[in-house]
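Following: one structure in structure tokens, then a few remarks.
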Amino acid sequence: MASSGSGTPRLARDSWEAMLPGPTSRNNGGSSDCSCSGLLAYGAGSSVAVVDTRSMQLVSVLPLPSPASHHRSLAPFVTSVRWTPQPLRRDILTHEPSSSHLLLAVGDRQGSLSLFDLRHLPPRPPLLSLHLDSSRSGIQDLCWIRSGSASHSWILAAVHGPSLLSLWSLSTSRCFWKYDASPEFLSCLRRDPFDSRRFCALGLRGFLLSLKVVGDGEEDVVAKEVQIPVAAGESAELQRLEREREKENGAGAAGAPSMAAFPNYVVRCCFLPRWRHVVVVAFPKELVVFDLQYEVVLSTAPLPRGCGKFVDVVADPDNEVLYCAHSDGKLSVWRRKGGQQVYTMCMMEELMPSIGTSVPSPTVLSVVICQSESTFQCLAKLYSETSQSTLDAPNCEPFLISKTYLISITDDGKIWNWLLTAEEACLVGQLHLLSSTLTVLAVPSPSLTATLARGGNNPAVAVPLVALGTQSGAIDVIDVSANAVAASFCVHNGIVRGLRWLGNSRLVSFSYAQANEKAGGYNNKLVVTCVRSGLNRIFRVMQKPERAPIRALRASSSGRESEKHAPCILVSMRACFCPKSTSLEKELPQSCNMTIAGLVLVSSDDWLYLLILFRDAPVEVWAMTKSPIMLRSLALPFTVLEWTLPMAPRPVQNGPSRQSSSKDHTASDSPADTSSTKESVANSKASSSEGTAEDTSESFAFALVNGALGVFEVHGRRIRDFRPKWPSSSFVSSDGLVTAMAYRLPHVVMGDRSGNIRWWDVTSGVSSSFNTHREGIRRIKFSPVVAGDRSRGRIAVLFYDNTFAIYDLDSQDPLANSLLQPQLPGTLVLELDWLPLRTDKNEPLVLCIAGADSSFRLIEVNINDKRSGSVSLPRASKERFRPMPLCSPVLLPTPHALALRMVLQLGVKPSWLNRSSYQIPVAPSSAKDLRSYMIDSPLPPVGDTAVAEMLLKVLEPYQREGCLLDDDRTSLYAAVVNKGSAARFAFAAAVYGELSEAFFWLQLPRALSHLMNKSANKTPEKTTSAVPDAGDSSLLSQLSSKGKSMAKSLKKNSMGNAQLKLMAFDQDELWENANERISWHEKLDGEETIQNRVHELKATIGRCWQFLPVFLTDREVYILSPLRLVSVGNLEAAVTLLLSTPPEGSYFYANALRAVALSSAVSRSLHELAVKVVAANMVRTDKSLCSTHLLCAVGRYQEACSQLQDAGCWTDAATLAATHLKGNDYGRVLLRWADHVLRSEHNIWRALILYVAAGALQEALAALRDAQQADTAAMFLLACQEICAEILQKSDGLDDESIPLAGAEQSILLRLNLKKEDVEAVNEYFGQYQRKLVHLCMDLQPLFD
């Protein structure tokens, strides 16, 4: 797709290496994963296919290698894939640019874990391969977990076999933790969206293992077992399946994972993206909402009537909606009821259109949600063209009707892109790959396009198409220049057993099926398919079943039409070589009804002939005209038969004499090998339009069951005898069975079942042979030859063991110079042929291969010719055509990706992005300043202003090709580019799939507004309401009803996007979330549940005196005698004595209650002192959560928040602070929370928003500096200055044009508690980053595909 008018040369694809995967199947276990940047990876046989979900184009295919101990064995099935959560790394000042954001973890059926880098194109091996020594059980599921020891360190969790869970450290390549859940069958792993150190493992029986990883050691893993109640019907069905499995397989399948042991019993779960500790579990017939914190079921929903079993459940990233996939291909949509964790079905859709699908309907094997699309929708809603300010936009409510993109994968090789709205599901895109298991391969013969239609001899344009037959009866036509399925035709009802091209626009194929067992016979079906129109025409229709099935088809390589004369076809069986007798008639069976010199003259519209070979039946010769005509039946016992290929151009120079490996014959050079290239070219130009005998004749070579060889010749208008010169009688082996043959004038090459290869020059009689020391030979193919080639004898040989080799028959020792199965580890070859598109001698040879794993591959074969004296020669590059540009910036080389990110952040005019390859490119003048494409900004300059121009120059090749942003992304960028720097930064982050960063920028204006407007932090009205009297009969119900009303009143002011709630910091938002949780647990009972409910109420109300008796577990407290000191009125001494009770004693809680009660009657100071002492003692006994109630009772909310944070209840502490604290007190709680999020959870973006809300911008800059994100630190200061200036402008009532950004910089910095030195340090750091980035970009060439 290079543009002719481009000033900068396009770096095209310089390799033909390509691969199309076969269809996914149940053996792949529904393995699929969609990255945050929109790249879909899914298992397809023993390979992983990577698809861009925006353009629905295939990006790459990653084949698994064969096991290390068995290099010639098949690669195992892919059973699990997971993209790394690692974002695009920007620490280029201290590390080399890496593609760690494109890592993909793959698990297979043999228990191996492989780590692939998408930048390392196949056939490179994976970066890392991990194996458990004690187990070869298949991988059920994978999950990436963040290590608690470092921010850039990730751990890989894997389920091996039925029940073994392992944790792998990628830095050391070792397994450091194992857990055996036997006899449970583990089904899936899921990571907590609120804390990437947490994940859960779910079993088929409802067993759930909750884990938290705080380091890389065995002791750094905290595990907790939970049992989810399972319906009786589910348990009974699983037990029945277990009994059937044991009866069928016994103990042989004990190590199989759940997907192999119970393929029809699937259990999946997902975390809710808005609510902490809540998971949704989809059993086959029940949907369960489970609270991990309370360990209770919140709600259940049965399987809807008329639907297949649940097979998967995914949560909508924007709305409180669940999508459930069913085994019958349906999709059910479930919406949450307000104020409860109860989901009801609101919509049912079919994921398989009823029109245009085959029968039976394909099976939906996997569904995934594209999270990147939801982020861009959030951007579009927040920054749409409205009069509302960007600061108030997150509070609007356009989120109830959202659009979600869902990908479904079916077993017919199709990937479906669905747009889910509130009303329906619409199909918006589809990618069609190979539809079924491959059976045959057909490549157009080189001579089919060698001459023009009017009889000329000039080469015509070659058609880069390959046809593949499948087991489902479909024929897939592959465009090898685009590595895509160009068309697919449903031709047969059964397996396509033979396929050949007729010219470059028609295909002929056959299938057969047994008629019935009683009558016997076969129903043979022959079909001609027009590739242009898709029409199928059946010919040779028989009324009754035939006794023999069709064995093979052989189509001639001619195809030239004549306008004035109808050509004649002559079939001349002039001679046949048989070493055992001088007369062929004596060797033929009695059933042969053909004479030796029989002639048949038939009129035809074109010169296309088809030979139909039957099993133990005569061969039929057909003229493939518009209406095919059968010409003759040849009743000879053929074993193999091949039409001749066109005569190859003569080599440049003579090669050394060929020496035979057999002692029974001699070999010499053919006389035809003594001409030069110039003579060959001259002869080609001198040929007339009528054509010479070699150009117009059609002949095919054959072998019979008795070892006899022969050549049949078909002429055009003239008839002449073909007189081959026979080789010596010792040429044929003793067994006599030839199994493969290739014929290109003047050479006939044969292979037999013993692995011998023999070739014979029909013009000179020279012959030679050698033994391959391999199994029998199934197929032989001559390589294409162009003018200037030094060899005409390169052949590809396919053996019966599904391996192949390449030999050069012109070399002195073909066996020593052979290439045995190059570049194809882990797969067996079903069919092969050469790609006939080679036009230059410097271009590589390319093999088309149909693999036994149902994949189609193009393999380059580079053979260094030692005789030429030169190894590296320039060659013409081949480009991959794409119907539309692949606009995925995350696939760009890392320096170029960082350059585009910076350009988008600084603000480039959308007109620069709109110049795509679809328009006529106009190269800009070298004298033009590219900085004019950058937007004008009133902000003070940051970094070097000349860097933007240099980065635009680097990105120009991509921009000319339209490979940066597609039209929709460009339109959205045009809408947000002038909405402020935070909007641009959020857009740039979303482009690269960094969703957390994008939501940070979206929340930054609100956080700065919260910081600068102290008056907005007044205590809400809800906290000043009177405490209910002690005589109230139902305090819990009053508090619950109050929470419901308050949540309802705050609903209008809440953020609608669920992912934005992960960045919640505002007091109203935190309080609303806690209040809504209370209503979920109203009807729950049990001592532990009551304790948790009190804890929730404490966080929202704080005054919980009435609940203190809940903590009195010692019944003796109610029968203690009055204290003597109380009787004499010395209450202070009584309080001191009561507080001296040790916390380990049985009377501690009773005496603590008495001490707190008595101290309240003395003085407020003594009361507070008593509460603090009791609380401290509770902390000593690991009852810190109980002590917070006491601290809240006396108004010590700051200390209560500290105790909650010490206990790890960070959200509860923030909720309590949001209820009772304000100003700096609230900021201190947020500051400590931010430190924990940064240093323990390693979530820098969540920590930054908390730092900003707490007023700790210096800590935020320090965090960015420690993370080596120089660009983000500079953009952060830029956004803070712009947003604060806008806030000051609003408060002062200034016009839009009078924003004093440059002059008010110092005032803004003071308000943000920043110093000028901090800004200068950030600018210097950013300048270093820019200079390093420019150097990296200049040293790297543009890379496409």
Side-chain angles (χ1 to χ4, degrees), residues 36 85-87 144-148 150-154 191-199 212-214 271-277 317 371 375 378 394 982 985-986 989-990 993-1008 1010-1011 1054-1055 1057-1067 1069-1070 1073-1074 1201 1204-1205 1208-1215 1217-1218 1226-1267 1269 1272-1273 1275-1276 1279-1280:
C36 294
Q86 177 72 37
W144 290 87
I145 312 299
R146 189 187 292 275
S147 172
S151 59
H152 292 292
S153 178
W154 290 88
R191 184 176 65 249
D192 191 341
F194 290 87
D195 188 352
S196 56
R197 301 171 302 164
R198 296 178 181 270
F199 72 105
K212 179 179 178 181
V213 182
V214 296
F271 280 92
L272 294 184
R274 175 175 177 179
W275 304 105
R276 281 182 178 267
H277 310 300
Q371 292 191 9
T375 309
C378 180
F985 302 162
E994 300 173 18
L995 306 187
S996 297
E997 181 185 355
F999 291 120
F1000 161 74
W1001 295 116
L1002 294 180
Q1003 282 283 59
L1004 183 60
R1006 302 182 70 244
L1008 288 172
H1010 170 88
L1011 172 63
S1054 64
M1055 296 174 295
N1057 190 280
Q1059 299 185 63
L1060 276 175
K1061 295 182 182 296
L1062 296 176
M1063 295 286 178
F1065 64 89
D1066 186 70
Q1067 293 166 313
E1069 297 164 0
L1070 295 173
N1073 292 340
C1201 290
L1204 285 173
Q1205 290 178 333
C1209 302
W1210 298 95
T1211 305
D1212 292 328
T1215 305
Y1226 181 63
R1228 280 192 289 270
V1229 175
L1230 293 182
L1231 179 59
R1232 191 181 178 194
W1233 190 11
D1235 290 338
H1236 165 76
V1237 171
L1238 178 65
R1239 294 178 173 84
S1240 298
E1241 298 182 5
H1242 302 292
N1243 189 342
I1244 187 174
W1245 306 112
R1246 179 78 173 109
L1248 288 178
I1249 207 69
L1250 294 175
Y1251 279 134
V1252 174
L1257 270 70
Q1258 289 187 346
E1259 285 78 359
L1261 290 176
L1264 291 172
R1265 182 174 58 252
D1266 294 340
Q1269 296 198 17
T1272 306
M1275 301 305 156
F1276 175 70
C1280 289

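Contact between I1249 and A1007 at its shortest, heavy atoms only, is CD1-CB, 3.8 Å. Heavy-atom minimum distance, A986 versus L1002: CB-CD2, 3.8 Å. In terms of heavy-atom proximity, E994 sits nearest to P87 at CG-CB, 3.7 Å. Shortest non-hydrogen contact noted between A1254 and G1227 is CB-O, 3.3 Å. Of all heavy-atom pairs spanning A990 and A998, the tightest one is N-CB, 4.1 Å. Scanning all heavy atoms of the two residues, the minimum distance from L1230 to A1253 falls at CD1-CB, 3.9 Å.
Residues C1201 and R1228 are not in side-chain contact: their nearest non-hydrogen atoms beyond the backbone lie 4.5 Å or more apart. The side-chain heavy atoms of L1238 and L1250, taken from C-beta on, include no pair separated by under 4.5 Å. Contact annotation: the side chain of W1001 approaches that of M1275 to within less than 4.5 Å [non-hydrogen atoms, C-beta and beyond]. Inter-residue side-chain proximity for L1264 and I1244 is flagged as met; some heavy-atom pair is nearer than 4.5 Å. For the pair Y1226/H1010, a side-chain contact is recorded, criterion being any heavy-atom separation below 4.5 Å from C-beta on. In this structure the side chain of F999 reaches within 4.5 angstrom of the side chain of T375, judged on heavy atoms.
Taking OG of S996 as the reference point, atom CG of L1248 lies at 11.0 Å (rounded to 0.5 Å). The line from SG of C1280 to CG of L1261 is 7.5 Å long, rounded to the nearest 0.5 Å.
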Going through the checks in order, is the side chain to side chain contact (heavy atoms under 4.5 Å, CB included) test met by Y1251 and L1257?
CA-CA 6 Å; Y1251 279 134; L1257 270 70; over 6 Å; no
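Scanning for side chain to side chain contact (heavy atoms under 4.5 Å, CB included) contacts around R1232 gives S1202, Q1205, D1206, W1210, with sequence neighbours left out. Applying the side chain to side chain contact (heavy atoms under 4.5 Å, CB included) criterion to F194, with sequence neighbours excluded, gives D192, R276, L1062. In this structure, W1233 has no side chain to side chain donor-acceptor pair (under 3.5 Å) partners at least two apart in sequence or on a different chain. Partners of S196 by side chain to side chain donor-acceptor pair (under 3.5 Å), not counting sequence neighbours, listed by chain and number: R146. Among residues two or more places apart in sequence or in another chain, the side chain to side chain contact (heavy atoms under 4.5 Å, CB included) test is passed with P85 by W144, W154, R191.
Pairs of residues two or more places apart, or lying in two chains, that qualify as salt bridge (Lys or Arg N to Asp or Glu O under 4.0 Å) and include a residue from residues 1235-1259 are D1235-R1239.
Ring planes of W1245 and F1000: tilted class, angle from 30 to 60°.
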